[in-house]
Amino acid sequence: MPTVHKDGPLMVIAGAGSGKTRVLTYRIAYLMQQGVDSFSILALTFTNKAAKEMKSRIATIVGESEAKNLWMGTFHSVFARILRSEADRLGYPSNFTIYDTQDSDRLIASIIKEMKLDKDVYKYKQIRSRISSFKNSLITVRAYMSHPELIEADREARRPQMGEIYKEYVDRCFKAGAMDFDDLLLKTNELLNRFPDVLAKYQNRFRYILVDEYQDTNQSQYLIVKALADRFQNVCVVGDDAQSIYAFRGANIENILSFQNDYPNATTYRLEQNYRSSQNIVKAANSVIKHNQNKLDKNVWTENAVGEKIIVHRSPTDGEEGRYVASSIFEYKMQHQLHHRDFAVLYRTNAQSRAMEDALRKRDIPYRVFGGLSFYQRKEIKDVLAYLRLIVNSKDEESLKRVINYPARGIGQTTIDKLVVKAKEHDCSIFEILERIEELGMGINSGTRTKLANFSMMIKSFQVLNETSNAFEIADAVTKKTGLVQALKKDGTPEAVTRIENIEELLNGIKDFIDGQRELADMTGSLTEFLEDVALISDLDQGSENDDRVSLMSIHMAKGLEFPYVFIVGMEEDLFPSAMSMNTRSELEEERRLFYVALTRAEKQAILTYTQSRYRWGKLIDAEPSRFLSEMDEAYLDVQTPDDSYQFQPLLNTDIFDTPDPNRVRFKKPPLKKAAPKAKSVPPRKNLKPIANTTNTNDQTNVEGLSEGIKVKHSRFGTGIIVAIEGNGNDLKAEIDFGTAGVKKLLLRFAKLQIIK
DNA sequence: TGCACCGATGTTTTT
DNA sequence: CATCGGTGCA
């Protein structure tokens, strides 16, 4: 058993539902029983909630007082803590601000604007994600500048200024005393690399390191673990390659696939028995994941009951889909005497929660939405937090820009622009400029100068207060004295009222936080502590397990959770798998793993739903069933279709490519579109091509009819003309000129093209 | 300088 | 559809 393995590297490949958390819990408890000091154990989990739960489970085994000393948490929160205590080494203040994605976006957007670049070419979101992937791969500005191929790639993408933006962004963050999420990992690497004494200190401290969800670590995280474990090699990683779903933020599945290479004397255990789900669910999930090529061999099985078949249900629209889910929940609950908390509704995109919420609300079913626009991302909350952040760290540029004129106090954009320029000129923060405003003059009229002085004075008075008060007292003062709440009260609209309520909720939350912190010996309940907590917390971490509500969340958020009854909604092409993730095999495989994760959340029953058309951007769009539906072995399914028109493509489809490939994606377009149910409000759909006529393999016609010069239609790019066709078998590609949408090279396996005559 | 309106534009997924 | 940024007016 893994639990008796004490020293040396260890990898546990744990299939879905095989009790990963249990392994970690028992291993830690075991180590402690063997006399390992709890201070020398570092456990990195995927969510703070997982850490908290594990800690309390360990506490029941080894006792509260010992468990308390364990270092447990997410990579981000653990290393943020370490970075605070070592910040001066890197030239950062220990109270550095943590920028969230939105802060980064704003900063990047303003840099692009200041550099007078075309914002249609330099899209801030793209820039941000590129910078993020640089950081996650430890490509610093300096590394970027010395890698001609990176520079060349950006030049080819017609963004020659990428490097400049990157540099400016990093500089500005540094000057603002701010780190973004990626910095928390990158700077930790820098810290461990540049300062051997620091490295030695933490290597000696963390003699035992455990990493959960290892398959989702990125390069930066991987290197941190490697560095820390280098001395004692007591590293235990737990994961499941089949559940790697974070490639988009740099997770590298190779980290787990090549653990044996990194630690040649590593012991590997495999846990393949699933204790969570019914046989039908386990088998169906296996039948899906086997379509992936890149994976470790693993055979998950269970001794659990066969259970109910997986229900596949079609609805005309997303509204009806919601109604179906709501009434199913109602019925299951009645029939089987269940609680609301036994149900989860999972979706690919957060936007899908709305239709579900509406339906559940109508039936008075209590629910809770996780993720999406979380509480701490709401505007009014971010406003209050921005004041608080500015108080703690007056160099924080993004916070300052956010609140300097909110509520309106007559400080306009032109003034702010002048301040930004001056700050850059003097190589200092905007707040410092405010202090020297009289001395510098700088063409700001005296009225505005007074306003600026007042603002600066107000912040300073808060800073003084901060020296003697706790987080709650300051937050309370901020909401009152800044006029923030007053402005909302004056507004009087219903939204403003909810905003005030939210601010009150925030204050209550801060109070709770302080009470919680007081219980911990080395915590004081200061504003700094609170802000750090807020920056890295996610909805999931917030308690309230005990309230009886249906959970609504994205599949990503559901990782590691389990529910007796799971609805997976929106099983449609272009939604799940996402239209953004179908261009390469690896993207598609990640989508498939995501589906695998979703399915294996269910203990007793999984219900998959899809619609024939759904509202997207306020428009009703035709939808077709997800390919994942037909990838599941039919034996485990109960396909409920109101008018019986759901049909699977024959499993042994004619192989239209020369290369037989078991993993080949079948284009299926079940001919369900005819016989549109007479349901009201479903507008007639415009099928551009008489699909029904082309017997059972319309993909075949698709590919065969294609040649140069043919006019085609693509669901995203519109109509275009084929310029060239190249490759063969699975690699058959067409280069298509879509006019304004540009020339694209598409893999014909994935591109759903329709010929236009 | 500030506010109100308008059109454009974009949606994966998260620490 | 919802947010954002830009424009035009007071």
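Remember, it's a predicted structure, so these values are computed and weren't measured experimentally. Convention: sequence-line order gives letters A, B, ...; per-chain numbering from 1.
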Any chance the rings of Phe567(A) and Tyr347(A) have centres within less than 6.0 Å?
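Here the rings of Tyr347(A) and Phe567(A) have centres that are no less than 6.0 Å from each other.
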Please tell me whether His556(A) and Phe248(A) form a close aromatic pair, meaning their ring centres lie under 6.0 Å apart.
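For His556(A) and Phe248(A), the ring centres are under 6.0 Å apart.
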List every contact pair, protein side and nucleotides 8-10 of chain B side both N or O, where the distance is under 3.5 Å.
unit_1  : atom_1 : unit_2    : atom_2 : d
dG10(B) : OP1    : Lys123(A) : NZ     : 2.6

Identify whether any heavy atom of [X] sits under 4.0 Å from a base atom; if not, whether one sits that close to sugar-phosphate; answer base, sugar-phosphate or nothing.
X         : value
Tyr246(A) : sugar-phosphate
Arg616(A) : nothing
Thr349(A) : sugar-phosphate
Thr448(A) : nothing

Output yes if the stacking criterion (under 5.5 Å between centres, under 30° between planes) is met for Phe248(A) over the base of dT13(B), else no.
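Ring-base stacking flag set for Phe248(A) and dT13(B).
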Please determine, for the side chain of [X], which listed nucleotide ([options]) has the closest atom?
X         : options                  : answer
Asn350(A) : dT15(B), dT14(B), dC1(C) : dT14(B)
Arg348(A) : dG5(C), dT15(B), dT12(B) : dT12(B)
Met580(A) : dT12(B), dA2(C), dT13(B) : dT12(B)

Phe46(A) vs Tyr246(A) aromatic rings, parallel, tilted or perpendicular, using cut-offs 30° and 60°?
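Plane angle between 30° and 60°, so tilted.
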Parallel, tilted or perpendicular: which describes the rings of Tyr222(A) and Tyr214(A), with under 30° parallel and over 60° perpendicular?
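Tilted, since the angle between the ring planes falls between 30° and 60°.
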What distance do Ile568(A) atom CD1 and Phe628(A) atom CZ have between them, rounded to the nearest 0.5 Å?
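The distance works out to 11.0 Å.
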Can you name the atoms? Protein N/O to nucleotides 2-4 of chain B N/O, anything below 3.5 Å, with the distance.
unit_1 : atom_1 : unit_2    : atom_2 : d
dG2(B) : OP1    : Gly410(A) : N      : 3.0
dG2(B) : OP1    : Gly410(A) : O      : 3.3
dG2(B) : OP1    : Ile411(A) : N      : 2.9
dG2(B) : OP2    : Gly412(A) : N      : 2.9

Assuming nearest nucleotide by heavy-atom distance, tell me which of Thr101(A) and Ser578(A) is located more 5' along DNA chain B.
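Final value for this comparison: Ser578(A).
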List the steps, then state whether salt bridge (charged side-chain N to carboxylate O under 4.0 Å, His left out) holds for Asp180(A) with Arg128(A).
CA-CA 11 Å; Asp180(A) 64 20; Arg128(A) 188 241 303 142; over 6 Å; no
[N] [atom2] sits how many Å from [X] [atom1], rounded?
X         : N       : atom1 : atom2 : answer
Ile245(A) : dT14(B) : CD1   : P     : 9 Å
Asp182(A) : dT15(B) : CG    : P     : 13 Å
Arg106(A) : dC4(C)  : CZ    : P     : 7 Å
Phe595(A) : dT13(B) : CZ    : C1'   : 17 Å
Lys119(A) : dG5(C)  : NZ    : P     : 9 Å
Ile112(A) : dG6(C)  : CD1   : P     : 12 Å
Lys113(A) : dG5(C)  : NZ    : C1'   : 8 Å
Leu346(A) : dT12(B) : CG    : C1'   : 15 Å

In whole Å, measure the gap between the C1' atoms of dT13(B) and dC4(C) for me.
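Pairwise C1' distance, dT13(B) against dC4(C), rounds to 22 Å.
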Does this structure show an ion pair linking Glu591(A) with Arg348(A), if we count only N-O contacts that are shorter than 4.0 Å?
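Salt bridge: yes.
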Looking at Ser554(A), does any N or O in its side chain come under 4.0 Å of the phosphate oxygens OP1/OP2 on dT14(B)?
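For dT14(B), OP1/OP2 do have a side-chain N/O of Ser554(A) under 4.0 Å.
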[X]-[Y] side chain donor-acceptor pair, cut-off 3.5 Å:
X         : Y         : result
Gln215(A) : Glu213(A) : yes
Asn189(A) : Ser220(A) : yes
Glu321(A) : Thr609(A) : yes

Could a donor-acceptor pair under 3.5 angstrom be found where the side chain of Ser581(A) meets the base of dT12(B)?
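Such a pair exists between side chain and base.
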